[in-house]
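Numbering of residues begins at 1 and proceeds along the displayed sequence.
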Amino acid sequence: MTHDRARASATRNAAIASVATALFLLGLKAWATVATGSVAMLGSLIDSGLDLIASLVTLWAVRIAAEPADHDHRFGHGKAEALAALFQVGLIAVSAIGIAWRAVERLVAGSAPADVEYGIGVSVAAIAATLALTTYQRSVIRRTGSVAISADNVHYQSDLLLNAAVIAALVLERYVGLTGADPLFGILIAAWLAFGGLRASRVAVNQLMDREWPEERRRAFAAATAHPANRGTHDLRTRTSGAHHFAQFHIRVRRDMTVTEAHHVMDEIEARLARDFPGVEVLIHVDPEGQIDEPGNPLVERNETHASESGD
């Protein structure tokens, strides 16, 4: 419970920091867009506006995800983070299309931005604020594994490139005389946002689809099979919901082992998993040695102990 409370507090603070940063950047870029008329700056403004919406959704999601399990949600509310991440991906897609459309219009019209110094100054300030936020977010992600904060971090990582692209576009357009640089950079920004959205969607989809743990699964094998009383592990299933991890599997023990002895073995295996995976919820089913529950079903009956040792 202490781990869950600390995790909830960290993700909530990160989400609040994200909202505050988005509000600051939105106001700053709105002024710069009006002053310069730059399509690259417009793209940056739209992205910041969507970032604000996404940050508010993230704040809501981490609050919901931190709620304990209840009668209707026995596995908790962790998937609220994955839903928020997918919502953010949708916003990224909309912003990318809008920026690209506006950039093409500006490219065809051939108009140029004005007062580029304002746009450059605002972009430099935006980079500084975004760097501070993303650094803080990464520290929270390392401690919590929050998929919602991770998706929000993708937003702001793209903002760093986006603001640098705005500076480059304005410099090339105004001081180098490269006509069309501003809308061309707007198109590149749109493409980068779309790519970032695709990356952010993968983790969220994996959680919603209950994908098996990627690398940690082997460590779960090791923790389960290390106990000397375990004569074989099979039907191991793992999944993640927000920051909550779930693992269930069957172990085989001696046929003459008492219920009390088997329960003691399970307690020791669960304690080992809890050390390796803080907050994990473990469900262990005990089979007598030699028991076959589903003959002919290799997904269930394969001896995971041997599979782990062979590297399968």
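- Rounding to the nearest 0.5 Å gives a distance of 7.0 Å between CD of Q248 and CG of D235.
- Minimum heavy-atom separation, D256 to E261: O-OE1, 4.5 Å.
- Contact check for V253 versus N230: no side-chain heavy atoms found under the 4.5 Å cut-off.
- Partner V286 forms a side chain to side chain contact (heavy atoms under 4.5 Å, CB included) with one of V259, V265, I251 and no other, that one being I251.
- The two residues A32 and V122 have their closest heavy-atom pair at CB-CG2, 3.7 Å.
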Take N13 and Y136 through the side chain to side chain contact (heavy atoms under 4.5 Å, CB included) test and state the conclusion after the steps. CA-CA 10 Å; N13 291 340; Y136 174 54; 3.3 Å; yes

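- With F249 as reference, L273 is the one residue of L283, T238, L273 to meet the side chain to side chain contact (heavy atoms under 4.5 Å, CB included) rule.
- Remark: side-chain polar atoms of T134 are paired, donor with acceptor, to backbone N or O of L131 under 3.5 angstrom.
- Taking both residues in full, the closest heavy atoms of R272 and A226 are given as NH1-CB, 3.6 Å, listed atom of the first, atom of the second, then distance.
- Of the inter-residue distances, the one linking H263 atom NE2 with E270 atom CD reads 7.5 Å to the nearest 0.5 angstrom.
- Looking at heavy atoms from C-beta onward, H264 lies out of side-chain contact with T260 at the 4.5 angstrom threshold.
- Between R231 and E289 there is a salt bridge, with a side-chain nitrogen of the basic residue lying less than 4.0 Å from a carboxylate oxygen of the acidic one.
- The two residues A125 and L28 have their closest heavy-atom pair at CB-CD2, 3.9 Å.
- Between the CG atom in L56 and the CG atom in L23 there is a gap of 7.0 Å [rounded to 0.5 Å].
- Between the S18 side chain and the A14 main chain, no donor and acceptor come within less than 3.5 Å of each other.
- Of all non-hydrogen atoms in I284 and M266, the two that sit nearest each other are O-SD, 3.6 Å.
- With rounding to the nearest 0.5 Å, the separation of CG in L52 from CG in L25 is 10.0 Å.
- One finds the OG1 atom of T33 at 9.5 Å from the CG atom of L26 (value rounded to the nearest 0.5 Å).
- When all heavy atoms are compared, the tightest approach of A229 to M257 is CB-CE, 4.1 Å.
- Side-chain contact between H234 and D287: present, with at least one pair of heavy atoms (C-beta onward) separated by less than 4.5 Å.
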